[in-house]
Amino acid sequence: MVKICCIGAGYVGGPTMAVIALKCPKIEVVVVDIATPRITAWNSDHLPIYEPGLDEVVKECRGKNLFFSTDVEKHVSEADIVFVSVNTPTKTQGLGAGKAADLTYWESAARMIADVSKSDKIVVEKSTVPVKTAEAIERILTHNNKGINFTILSNPEFLAEGTAIKDLFNPDRVLIGGRETPHGQKAIESLRDVYAHWVPKDRIICTNLWSAELSKLAANAFLAQRISSVNAMSALCEATGADVSQVSHSIGTDSRIGPKFLSASVGFGGSCFQKDILNLVYICECNGLPEVANYWKQVVKVNDYQKSRFVNRVVSSMFNTVSTKKIAILGFAFKKDTGDTRETPAIDVCKGLLGDKAKLSIYDPQVTESQITKDLSMKKYDWDHPAHLQPPSPTSKKEVSFAFDAYEAVKDAHGVCILTEWDEFKNLDYQKVFDNMQKPAFIFDGRNVVDVKKLREIGFIVYSIGKPL
Ligand code: NAD
Ligand code: UGA
């Protein structure tokens, strides 16, 4: 029986390994983590992450061929294939602060693998890492010269949160990069055999190590670039009377452009787009390519611009002040169908409104009050000026409250900001919302989910991204 161990039981490690276990009943999969509460949650009825379809997959295999454990060293030493799916955040201090990937967690995982291994292993980079990381990892793995063969593969993950299980069941492609040596090619075959249990062979792409590592950064950069492009267009639409949804549809029907990922929004969020682009920017700078670096940096700058443009619109529409006005925030997660708030645009929007002394009433169906409180009280790290930390926002009980549903949040509010496209916000009883709000009643739709015409008929003043006022 092949044994797989995955280091890192997070948004990637957990769902990915659960699907491998489901599709490969003859492979034993153990997901390990140093965070005891996370592992306890994976072993409970309340999984640590919300992801549609995940509960069913975990229930089907947990205790059979899928296990979650904090005994990291034991399971790594017993495994044939070790996936490393630890976090690789942006460095906040020292060389490259604000852009470079912080590989501290990766390095400590690699050192531990080297120390505890007693047999040959395939070590798989699942985390998103800078191109050429495998070279450094190889050196760490072989530093104590125990005569053990470590073959390193790059197998970046392309799942999106909220659709992780769907994406893992039916991936557009699986990418495996390895050394062009007999050992490297043999390792690629072993990993390909795992995925071939359910992924058609023609969707398993094999490349050299550096192409696989760079393809992951490139894919995220291209995806984020589309959003910043359409968001830049949304500003021009508002200035000219064009409608960004019509523009997106019109350009998306060109088969060379395609219709996906052209929804204008308050800005992209999530733990990866900004982090991975800044990582790419840093790599370009280190390779003496400032023009290329500046090109990609602009994608993040436009995203920051879109978020502050939204805040400015709210404040200027409401007679240039939101001081002491109640604003309902509908949605805090960075997208629907997840409880993840990492880099969610809601953080910047809420902080912007609090900076103008608004009183916020926040509702999200999946994000807890403690998570929101934590997010709003953290100092904002300025990636463009890494030496500057913005002061923490004032988030006393008086300024921020939490509602158990959307109707409670909007009660007596002067304005409503929709910041996550949860389905339930499309189908609210907007007449009831209007009746319970202060007048004039404003709606600022950061996700273009509401029916603008219908809401204007009810009496709302509606602002949607990239739509005529
Ligand atoms: P995460 O923070 O949810 O999970 C990482 C886990 O690794 C944490 O639970 C942490 O405790 C654990 N960990 C860190 N160091 C460890 C060590 N030495 N030993 C054992 N456990 C350790 O992160 P994530 O969202 O799952 O992302 C992981 C990687 O995958 C990142 O590089 C990210 O860029 C990439 N990625 C993420 C997504 C996504 O949708 N979140 C998608 C594709 C790729
Ligand atoms: C993204 C990529 O889609 C995945 O392929 C990748 O594996 C992952 O990053 C990663 O490396 O972490 P994710 O961030 O989970 O996945 O979610 P997306 O669906 O890409 O959405 C990212 C952000 O862009 C969200 O805030 C979303 O609301 C926003 N978005 C997306 C738009 O504003 N407009 C769109 O048209 C699409």
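Each ligand, and each atom within it, is numbered from 1 in the order the structure gives.
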A.B. asks: Would you confirm whether His197, through its side chain, and Val194, through its main-chain N or O, come within 3.5 Å as a donor-acceptor pair?
C.D. replies: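 Checked: pair present.
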A.B. asks: Calculate, to the nearest 0.5 Å, the distance between atoms CD1 and CG belonging to Ile283 and Leu217 respectively.
C.D. replies: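 Those atoms lie 5.0 Å apart.
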A.B. asks: Closer than 4.0 Å to some heavy atom of Asn220 - which atoms of ligand 2 meet that?
C.D. replies: 2 (C), 6 (C), 9 (O), 10 (C), 11 (O)
A.B. asks: Taking the six-membered ring of Phe67, is the NZ or CZ of Arg62 close enough (under 6.0 Å from the centre) and on axis enough (within 45°)?
C.D. replies: no
A.B. asks: Does only the side chain of Arg38 get under 4.0 Å from ligand 1, or the backbone, or both, or neither? Count heavy atoms.
C.D. replies: side chain
A.B. asks: Between Arg342 and ligand 1, which part of the residue brings a heavy atom under 4.0 Å of the ligand: side chain, backbone, both or neither?
C.D. replies: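 Contact part for Arg342 vs ligand 1: side chain (C-beta onward).
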A.B. asks: Pick one of side chain, backbone, both or neither for how Val12 approaches ligand 1, counting any non-hydrogen atom pair under 4.0 Å.
C.D. replies: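 Looking at Val12 and ligand 1, atoms from backbone and side chain both fall under 4.0 Å.
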A.B. asks: Tell me whether Thr420 contacts the main-chain N or O of Phe332 through its side chain, where contact means a donor paired with an acceptor under 3.5 Å.
C.D. replies: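 Side chain of Thr420 to backbone of Phe332: a pair is present.
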A.B. asks: How does Leu159 reach ligand 1, if at all, at less than 4.0 Å between non-hydrogen atoms: by side chain, backbone, both, or neither?
C.D. replies: both
A.B. asks: Which protein non-hydrogen atom lies closest to atom 11 (O) of ligand 1, naming both residue and atom, and how far is it?
C.D. replies: Asp33 OD1, 2.6 Å
A.B. asks: Which protein non-hydrogen atom lies closest to atom 39 (C) of ligand 1, naming both residue and atom, and how far is it?
C.D. replies: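 Its nearest protein heavy-atom neighbour is Glu161 OE2, 3.5 Å.
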A.B. asks: Taking a cutoff of less than 4.0 Å between a non-hydrogen atom of the residue and any ligand atom, is Lys275 in contact with ligand 1?
C.D. replies: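 In this structure, Lys275 qualifies as a contact of ligand 1 - some heavy atom is under 4.0 Å.
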A.B. asks: For atom 43 (C) of ligand 1, grab the closest protein heavy atom and report residue, atom and distance to one decimal in Å.
C.D. replies: Glu157 O, 3.3 Å
A.B. asks: Quick check on contacts: which atoms of ligand 1 are under 4.0 angstrom from a heavy atom of Ser85?
C.D. replies: 5 (C), 28 (C)
A.B. asks: For Gln306 and Ser234, which I'm curious about, is there any donor-acceptor pair between the side chains at under 3.5 Å?
C.D. replies: yes
A.B. asks: So which protein heavy atom does atom 17 (O) of ligand 2 come closest to, and at what separation?
C.D. replies: Lys335 NZ, 3.3 Å
A.B. asks: Look at the rings of Phe261 and Phe273 and say which category their plane angle falls in: under 30° parallel, 30 to 60° tilted, over 60° perpendicular.
C.D. replies: perpendicular
A.B. asks: Of the protein's non-hydrogen atoms, which lies at the shortest distance from atom 29 (C) of ligand 1, and what is that distance?
C.D. replies: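 Ranked first by proximity to atom 29 (C) of ligand 1 is Val86 O, 3.4 Å.
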A.B. asks: Any donor-acceptor pair under 3.5 Å linking the side chain of Ser248 with the backbone of Val244?
C.D. replies: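 Yes; at least one donor-acceptor contact below 3.5 Å.
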A.B. asks: Closer than 4.0 angstrom: is that true for some heavy atom of Ser265 and an atom of ligand 2?
C.D. replies: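 Right, Ser265 reaches ligand 2.
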A.B. asks: Which heavy atom of the protein is the closest neighbour of atom 34 (N) of ligand 2, given with residue, atom name and distance?
C.D. replies: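 Nearest protein contact, heavy atoms only, for atom 34 (N) of ligand 2 is Ser263 O, 2.8 Å.
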A.B. asks: Spell out, as yes or no, whether a donor-acceptor pair under 3.5 Å connects the side chain of Thr344 to the backbone of Ala346.
C.D. replies: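 Yes; judged by distance alone, with no hydrogens or angles, the pair exists.
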A.B. asks: Would you say the side-chain atoms of Gln298 and Tyr305 include a donor-acceptor pair closer than 3.5 Å?
C.D. replies: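 No, because no side-chain N or O of Gln298 sits under 3.5 Å from a partner of the opposite role on Tyr305.
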A.B. asks: Starting from atom 19 (N) of ligand 1, which protein heavy atom do you reach first, and at what distance in Å?
C.D. replies: Ile7 CG2, 3.4 Å
A.B. asks: Which bit of Ser127 is near ligand 1, meaning a heavy atom under 4.0 Å away: side chain, backbone, both or neither?
C.D. replies: both
A.B. asks: Identify, for atom 32 (O) of ligand 1, the protein heavy atom at the shortest distance, and state residue, atom and that distance.
C.D. replies: Thr88 OG1, 2.6 Å
A.B. asks: Test the Lys99-Trp383 pair against the cation-pi criterion, namely NZ or CZ under 6.0 angstrom from the six-membered ring centroid and within 45° of the ring axis.
C.D. replies: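 No.
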A.B. asks: What protein heavy atom lies closest to atom 14 (C) of ligand 1? Include the residue and the distance to one decimal.
C.D. replies: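 Ranked first by proximity to atom 14 (C) of ligand 1 is Asn87 OD1, 3.3 Å.
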A.B. asks: Is there a heavy atom in Arg447 that sits closer than 4.0 Å to ligand 2?
C.D. replies: yes
A.B. asks: Would Gly13 count as a polar contact of ligand 1, with the cut-off being nitrogen or oxygen pairs under 3.5 Å?
C.D. replies: no
A.B. asks: Would you check if there is a donor-acceptor pair between the side chains of Ser245 and Lys467 at a distance under 3.5 Å?
C.D. replies: yes
A.B. asks: Is the closest side-chain donor-acceptor distance between Asp375 and Thr341 under 3.5 Å?
C.D. replies: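 The answer is yes; a qualifying pair exists.
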A.B. asks: Quick one: pull up CD1 in Ile418 and NZ in Lys426 and give me the separation to the nearest 0.5 Å.
C.D. replies: 10.5 Å
A.B. asks: Would one find an N or O of Phe158, backbone or side chain, under 3.5 Å from an N or O of ligand 2?
C.D. replies: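 The answer is yes, given that Phe158 and ligand 2 share an N or O pair closer than 3.5 Å.
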A.B. asks: Under 4.0 Å from a heavy atom of Lys216: which atoms of ligand 1 are those, numbered in the order shown and with their elements?
C.D. replies: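 Within the 4.0 Å cut-off of Lys216, ligand 1 contributes 43 (C).
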A.B. asks: Please write down residue, atom name and distance for the protein heavy atom closest to atom 15 (O) of ligand 2.
C.D. replies: Glu161 N, 2.8 Å
A.B. asks: Which word best sums up how the rings of Phe442 and Phe444 line up, parallel for under 30°, tilted for 30 to 60°, or perpendicular for over 60°?
C.D. replies: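 Ring orientation of Phe442 relative to Phe444: parallel.
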A.B. asks: Report the nearest protein non-hydrogen atom to atom 23 (C) of ligand 2: residue, atom name, distance rounded to 0.1 Å.
C.D. replies: Gly269 O, 3.5 Å
A.B. asks: Does Lys216 have a non-hydrogen atom less than 4.0 Å from ligand 2?
C.D. replies: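 Yes, Lys216 has heavy atoms under 4.0 Å from ligand 2.
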A.B. asks: What do the steps show when you test Glu161 against Arg342 for salt bridge (Lys or Arg N to Asp or Glu O under 4.0 Å), and what is the final call?
C.D. replies: CA-CA 11 Å; Glu161 289 177 31; Arg342 291 178 292 179; 3.4 Å; yes
A.B. asks: Considering only heavy atoms of Ala160, which atoms of ligand 2 have at least one such atom less than 4.0 Å away?
C.D. replies: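 The atoms of ligand 2 under 4.0 Å from a heavy atom of Ala160 are 3 (O), 15 (O), 16 (O), 17 (O).
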A.B. asks: Taking the six-membered ring of Phe425 (Phe, Tyr or Trp), confirm whether the NZ or CZ of Lys336 is under 6.0 Å from its centre and within 45° of its axis.
C.D. replies: no
A.B. asks: Parallel, tilted or perpendicular: which fits the ring planes of Trp422 and Tyr50, with parallel below 30° and perpendicular above 60°?
C.D. replies: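 It falls in the tilted class, 30° to 60°.
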A.B. asks: Specify the protein heavy atom at minimum distance from atom 9 (O) of ligand 2: its residue, its atom name, and the distance to 0.1 Å.
C.D. replies: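 Checked against all protein heavy atoms, atom 9 (O) of ligand 2 sits closest to Phe273 CE2, 3.6 Å.
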A.B. asks: Who's the nearest protein heavy-atom neighbour of atom 8 (C) of ligand 2, and how far?
C.D. replies: Leu159 O, 3.6 Å
A.B. asks: Taking only heavy atoms of Glu157, which atoms of ligand 2 are found under 4.0 Å from at least one of them?
C.D. replies: 7 (O)
A.B. asks: Check if Ile227 has a non-hydrogen atom at a distance under 4.0 Å from any atom of ligand 2.
C.D. replies: yes
A.B. asks: Might you work through the salt bridge (Lys or Arg N to Asp or Glu O under 4.0 Å) test for Asp384 and Lys301, ending with a clear yes or no?
C.D. replies: CA-CA 9 Å; Asp384 212 10; Lys301 285 198 166 180; 3.5 Å; yes
A.B. asks: Which protein heavy atom lies closest to atom 12 (O) of ligand 2, and at what distance to 0.1 Å?
C.D. replies: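 Its nearest protein heavy-atom neighbour is Cys272 SG, 2.7 Å.
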A.B. asks: So, is Thr128 polar-close to ligand 1, with some N/O to N/O distance under 3.5 Å?
C.D. replies: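 It does: an N or O of Thr128 is found under 3.5 Å from an N or O of ligand 1.
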A.B. asks: Mind checking whether Tyr11 has an N or O less than 3.5 Å away from an N or O of ligand 1?
C.D. replies: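 So ligand 1 has an N or O lying under 3.5 Å from an N or O of Tyr11.
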A.B. asks: How far is atom 26 (O) of ligand 2 from the closest protein heavy atom, and which atom is that?
C.D. replies: Phe334 O, 2.7 Å
A.B. asks: Between Ser44 and His46, is there a donor-acceptor pair closer than 3.5 Å when you use the side chain of the first and the backbone of the second?
C.D. replies: yes
A.B. asks: Between Leu262 and ligand 2, find which residue part has any heavy-atom pair under 4.0 Å and reply side chain, backbone, both or neither.
C.D. replies: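 Near ligand 2, Leu262 shows its backbone, while the atoms from C-beta on stay back.
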A.B. asks: So between Phe158, Tyr105, Phe273, whose heavy atom ends up nearest atom 15 (N) of ligand 1?
C.D. replies: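 When every heavy atom of Phe158, Tyr105, Phe273 is considered, Tyr105 comes closest to atom 15 (N) of ligand 1.
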A.B. asks: Let me see the working for Glu238 and Arg309 under salt bridge (Lys or Arg N to Asp or Glu O under 4.0 Å), right down to the final yes or no.
C.D. replies: CA-CA 11 Å; Glu238 286 163 35; Arg309 209 168 71 76; 2.7 Å; yes
A.B. asks: Salt bridge or not between Arg139 and Glu135? Use side-chain N to carboxylate O under 4.0 Å.
C.D. replies: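 The answer is no: the pair does not qualify as a salt bridge.
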A.B. asks: What is the nearest protein non-hydrogen atom to atom 7 (O) of ligand 1, stated with its residue, atom name and distance?
C.D. replies: Gly8 CA, 3.4 Å
